[in-house]
Amino acid sequence: MKIIVLGGDGFCGWPTALHLSALGHEVTIVDNFVRRRTDEELGAGSLTPIRPLGERLEAWSATGHPAIGFAEIDVAEDYDALEALFRSIRPDTIVHFAEQRAAPYSMKSPRHKRYTVDNNVNATHAVLCAMVEACPGAHLVHLGTMGVYGYGKTKGMPIPEGYIDATLRSGGATADADILYPVDPGSIYHMTKTLDQLLFLFYAKNDGLAITDLHQGIVWGTATPQTLLDERLVNRFDYDGDYGTVLNRFLCQAAIGHPLTVHGTGGQTRAFIHIRDTVRCIEAAAATPPEWGSRVRIVNQMTETHRVRDLARLVSDLSGVPVEFRDNPRKEAPENDLVVVNDTLLHLGLRPTRLSDGLLTEVVDVARRHADRIDQSRIVSTSRWVRPPEDA
Ligand code: NAD
Ligand code: USQ
């Protein structure tokens, strides 16, 4: 297949591009390197020394795999270049990672909120618009988030894959409907993913585009078999208070003896997936496009759920580093249950990589190797969901 990976220089996009290329697909990466510029803005780069993309691509060719193509395009801003690329490549599949993906970054200031909405909504809309014009038969595989469902009280009811049977009541009449699961985003970032869902619904209905929306949980781990082939292929690893995600942050904190930063009671339950399973899920989704003209296929891309304080306890027991319960900078339920249906990926053959001591230790080892690159002042999350009254 000819596959374009939008956002292919990022944490999920880079190992996915390598995985798809290793399977024999003809891969082209599109990126505008905004994430590398954000590293400079935040003064906290990847824990691992990621190489410039040109060097990464040379190293990949040197392993004997087919060359991966590259186009530097801002997907949100440079529509003409995007459409021209789609026309010239005529992709079978477009994998879309090219969005601002950190919830704390999206809540930092009015500028960050507006950037996140502008970038994410425009990028997704530009992709859909360009597909209609240039490659209407292609399959879009989008990386969405479990956070579109929210973390309210579901009383143990499993979260279905995107849609729910509902009975609508109005004016004394009732109607049965199969509707998108009601959204309940917990940050500006998560809200952009709920807006993406509406764009997909419209373009699937109106233009018949084939779309898979993968509602992914929190990704942990950093390496895949391909990124381990050469040190120049190393994947990025975010540890800072904006982009670092919870389990990778705890493992990095364990590596340097920093108390594990649990927000609030740590009663938040979230869905998780290892980066090795992320790339396999995308392989499986790309291999099984939905029927042209069918509704958007929504897949819950997660393998297990955990409570934040349980993860902290696990990492603490492994490392001897203490757990620290901090004031929660976010506005989120202090405790929630989470039961998730993930049947589609299991039916497609995914054998989940479960949390294990060995895999946890592997991440701690990576963090120890690069500990001199950690700026301890960037660890604590300072982005607040609600400004304290004295700042208003
Ligand atoms: P990342 O920030 O590491 O990578 C995103 C890449 O997209 C970066 O290389 C960035 O430069 C690029 N990009 C952003 N805006 C762009 C634009 N307008 N034009 C061109 N390139 C652009 O993020 P990630 O962790 O790899 O996440 C990728 C996707 O997966 C995101 O959409 C995210 O919402 C989703 N996701 C990530 C996680 C996770 O835990 N990392 C979990 C669930 C879903
Ligand atoms: N948390 C801590 N301590 C920390 C960091 C986080 O207790 O040091 C808590 C947070 O308060 C939150 C939970 O851990 O309750 C998860 O936070 P996170 O930063 O790991 O995850 P989140 O902000 O939800 O975002 C990440 C990715 C995002 C993706 C999402 C999947 O950055 O791109 O969409 O995970 S999901 O959470 O399933 O929606």
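By convention here, the first residue in the shown sequence is residue 1. Order of appearance sets the numbers: ligands from 1, and atoms from 1 within every ligand. Side chains are part of it too, since the values below use all heavy atoms of this structure and drop only hydrogens, waters and symmetry mates.
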(message) With a 4.0 Å cut-off on heavy atoms, is I73 in contact with ligand 1?
(response) yes
(message) Please determine whether any non-hydrogen atom of G217 lies less than 4.0 Å from an atom of ligand 2.
(response) yes
(message) I need the contact type for H190 against ligand 2. Using non-hydrogen atoms and a strict under-4.0 Å cut-off, is it side chain, backbone, both or neither?
(response) side chain
(request) Could you see which bit of V308 sits under 4.0 Å from ligand 2, with heavy atoms only: side chain, backbone, both or neither? (result) side chain
(message) Do the side chains of D178 and R295 get close enough for a salt bridge, i.e. N-O under 4.0 angstrom?
(response) yes
(message) Using a 4.0 Å cut-off to any heavy atom of V75, which atoms of ligand 1 qualify?
(response) 17 (C), 18 (N), 19 (N), 20 (C)
(request) Could you tell me the residue and atom name of the protein heavy atom closest to atom 35 (O) of ligand 2, and the distance to it rounded to 0.1 Å? (result) I218 CG1, 3.3 Å
(message) Please list the nearest protein heavy atom to atom 3 (N) of ligand 2 with its residue and the distance rounded to 0.1 Å.
(response) T261 O, 2.6 Å
(message) Under 4.0 Å, heavy-atom basis, I'd like to know which part of K193 is in contact with ligand 2: side chain, backbone, both or neither.
(response) neither
(message) Heavy-atom distances under 4.0 Å decide this one: backbone, side chain, both or neither, for Q268 against ligand 2?
(response) side chain
(message) Heavy-atom distances under 4.0 Å decide this one: backbone, side chain, both or neither, for A123 against ligand 1?
(response) neither
(message) My understanding is that a hydrophobic cluster links ILVMFWY residues whose side chain heavy atoms are under 4.5 Å apart, including indirect links. Using that, what else belongs to the cluster containing I50?
(response) V234
(request) Decide whether the shortest distance between a heavy atom of Y151 and an atom of ligand 2 is less than 4.0 Å. (result) yes
(request) Among all protein heavy atoms, pick the one closest to atom 30 (C) of ligand 2 and tell me residue, atom and distance. (result) T145 OG1, 3.7 Å
(request) State yes or no: are the ring centers of H370 and F237 separated by less than 6.0 Å? (result) no
(request) For atom 19 (O) of ligand 2, find the nearest protein heavy atom and state the residue, atom name and distance (0.1 Å precision). (result) R330 NH2, 2.9 Å
